[in-house]
Protein chains: 2
Amino acid sequence: MHGERDIRVEEVADPVISTGRDAVVRVVASCVCGSDLWGYRGVRTITQPRRMGHEFVGVVEAVGADVRTVKTGDFVIAPFYVCDGVCVNCRNGFSTSCLHGGAWGAEVEGEGFADGGQGEAVRVPLADGTLFVVPGGQPGDALIPGLLTLSDVMCTGHHAAVSGGVREGSTVAVVGDGAVGLGAVIAAKRLGAARIVAMSRHAARQALAREFGATDIVPERGDEGIGVLKTMFDGVGPDVVLECVGTKESMDQALRSARPGGQVGFVGVPAGGPELPVPLMFGTNVGVRGGVAPVRDYMAELLPEVMDGRIQPGKVFDLTLPLSETAAAYAAMDERRATKVLLRP
Amino acid sequence: MHGERDIRVEEVADPVISTGRDAVVRVVASCVCGSDLWGYRGVRTITQPRRMGHEFVGVVEAVGADVRTVKTGDFVIAPFYVCDGVCVNCRNGFSTSCLHGGAWGAEVEGEGFADGGQGEAVRVPLADGTLFVVPGGQPGDALIPGLLTLSDVMCTGHHAAVSGGVREGSTVAVVGDGAVGLGAVIAAKRLGAARIVAMSRHAARQALAREFGATDIVPERGDEGIGVLKTMFDGVGPDVVLECVGTKESMDQALRSARPGGQVGFVGVPAGGPELPVPLMFGTNVGVRGGVAPVRDYMAELLPEVMDGRIQPGKVFDLTLPLSETAAAYAAMDERRATKVLLRP
């Protein structure tokens, strides 16, 4: 990404092993994230060209001398961040706060450069902690999209549901009908939610939400949407609201929709730094919990259900393009012609 | 309370039954709350004289014709609010959000006036939902202070711990060494916390915190206090921080003290409407949950431990005065000469 609406596919040097703790992965599939659009749209300023892509699956081509759990030929899922898997935060299940981790397309302190996933090959720092090995080697093509969602959107939707405290019998509303919101519907369903309301005014996404387990669709937003939810649930609102957008408006809607004593699970990347009104939270006892999802920690739990088809998050991909057409992939998502675009090198 | 620093004990008409759903309680003991000081100090403007007191225990003197669970002669604990016990929010365990409830010293819509607890007798609306009956009638004097804390401070400290998700083995820091913070120490201890840090620079309160189960005392505040906590707990901070003050500074300290993925349980009444920074919460996955404590819902759980002395929250009262000296009680708390003052009619 060279700047606003300026995506170029360029030749760069092949990645090589350097620290001994790293691996090189040949990318089988990657994709574009809603958060990639922020730079694309100029919401975040791009000060220098950046290699993009933080979601990918692929085959390990080489590993450093100190790598223990990953070997050449393994099929791996990369989380949207680099982590060592052994620090105190990783051990606590919050590998996104790894004390030695970092981001794709950037230098990781002491570990060298981590390539972007929207490419042919990636140098992966801290391979043992970062990469999740799928047992049995490279699976059939039909499974690739589903496995790719474990890099981010499915596990992030799951994090919303876990953070919101969804359990057997919960009533849940999902704010946001993008890939993460749709993943949150799947997550709420498999955690036993009794009712799941998808807030969506987009026909194709409404249909997919229903397929994933939504029991109700509410197209209204803001105060009107809150009113509909209150009416649906005893006049007070659902137990849990999953905020999967990240704007001030969506967070406000989520916070005011939950019933007293309810909880907001949030995973929308905060745009513009909204703040939460403590007096409202105090008065209603609605809790707020969530954040950047520790997806690496959820892969083992969700993998079996993707492998056997019990959950099919790969359906969020509604467009596949070759890597050479990455600029078109960004445009399709920007213009909401696609929910999520899969890229094939 | 007639205005800033203007507390008067006055004769008013005796309370009488009026709705049939009400009761009259002869007060055995009541007390002054930290939140009562807000009007006293002029932080909240008093526009008209108000009957004060929202924590009391006493003996039922009369009940309305429709009251079913409370009878004349019962010894009862009043929560710091009025609730019906049967609406959806009460059924969900958040009786503080009762759809038909209200506050002491004020009109309760459709239910008439609820007297203040700092008096000789109180008309209690919605007696079945509001009053908690202590089995066995009026207990000995030694138990009165402990039972009185179930009206508010002990159950509020418990709510902080529950909202913060304290469990077996948790590491916990308590911000605030008032009666609620001290109650939170007791609550964290009985929920199985492995380490409990009391943030206090007041010798008598430090000693009481230790007696209640605090394993460590940290007198430092702000960034310095945060630094000490981080160092104590793996460089990242404790699992749970219980915010029992309510200022912007204390909430900020709590939020920045918890480890990534940790939780802030908060019960401090928000002073001045602090707001929570969503980007910080997103980045750290520190959740925030709490609010006005549904103390009525916790009384049954905590009562047995007060009755048999396993927990002794009554020790937070370090001054007892006759009702006629209520103005002196406010002054003692305002000047921090007393942690909490018990009033005897």
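Numbers restart at 1 for each chain; the letters A, B, ... are given by sequence-line order, proteins then strands. These figures come from a predicted structure and were not determined experimentally.
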So, the side chain of B:Ser170 versus the backbone of B:Ala193: is there a donor-acceptor pair under 3.5 Å, distance only?
-> no
Relative to each other, are the rings of A:His159 and A:Tyr298 parallel, tilted or perpendicular (30° and 60° limits)?
-> tilted
With only heavy atoms counted, which part of A:Val292 is less than 4.5 Å from chain B, the side chain, the backbone, both or neither?
-> both
Can you say whether B:Val267 sits under 4.5 Å from chain A via the side chain, the backbone, both, or neither, judging by heavy atoms?
-> backbone
Part of A:Val88 lying under 4.5 Å from any heavy atom of chain B = side chain
Heavy-atom distance under 4.5 Å to chain B: side chain of A:Asn285, backbone, both or neither?
-> both
Taking the side chain as C-beta and beyond, is there a heavy-atom pair between A:Met281 and B:Leu276 under 4.5 Å?
-> yes
Can you say whether B:Asp234 sits under 4.5 Å from chain A via the side chain, the backbone, both, or neither, judging by heavy atoms?
-> both
Under a 4.5 Å cut-off applied to non-hydrogen side-chain atoms, are A:His54 and A:Asp36 in contact?
-> yes
Could you check which of A:Thr96, A:Val269, A:Leu280 has the highest count of heavy-atom pairs closer than 4.5 Å to chain B?
-> A:Val269
Greatest number of non-hydrogen atom pairs under 4.5 angstrom with chain A, of B:Gly268, B:Cys87, B:Pro260, B:Gly287, falls to B:Pro260
Name of the residue among B:Asp239, B:Thr171, B:Asp216 meeting side-chain hydrogen bond (donor to acceptor under 3.5 Å, both in side chains) with B:Arg195 | B:Asp216
Between B:Lys248 and B:Asp252, does at least one N-O distance fall below 4.0 Å, as a salt bridge requires?
-> no
Check the pair B:His100, B:Val86 against side chain to side chain contact (heavy atoms under 4.5 Å, CB included), reporting the backbone distance first and the verdict last.
-> CA-CA 10 Å; B:His100 310 107; B:Val86 295; 6.0 Å; no
Largest heavy-atom contact set with chain A, pairs under 4.5 Å, which of B:Gly261, B:Ser97, B:Ser163 = B:Gly261
Interchain contact, B:Val288 with chain A, by part (heavy-atom threshold 4.5 Å) | both
Against chain A, label B:Phe94 side chain, backbone, both or neither, depending on which of its atoms sit under 4.5 Å from a heavy atom there.
-> side chain
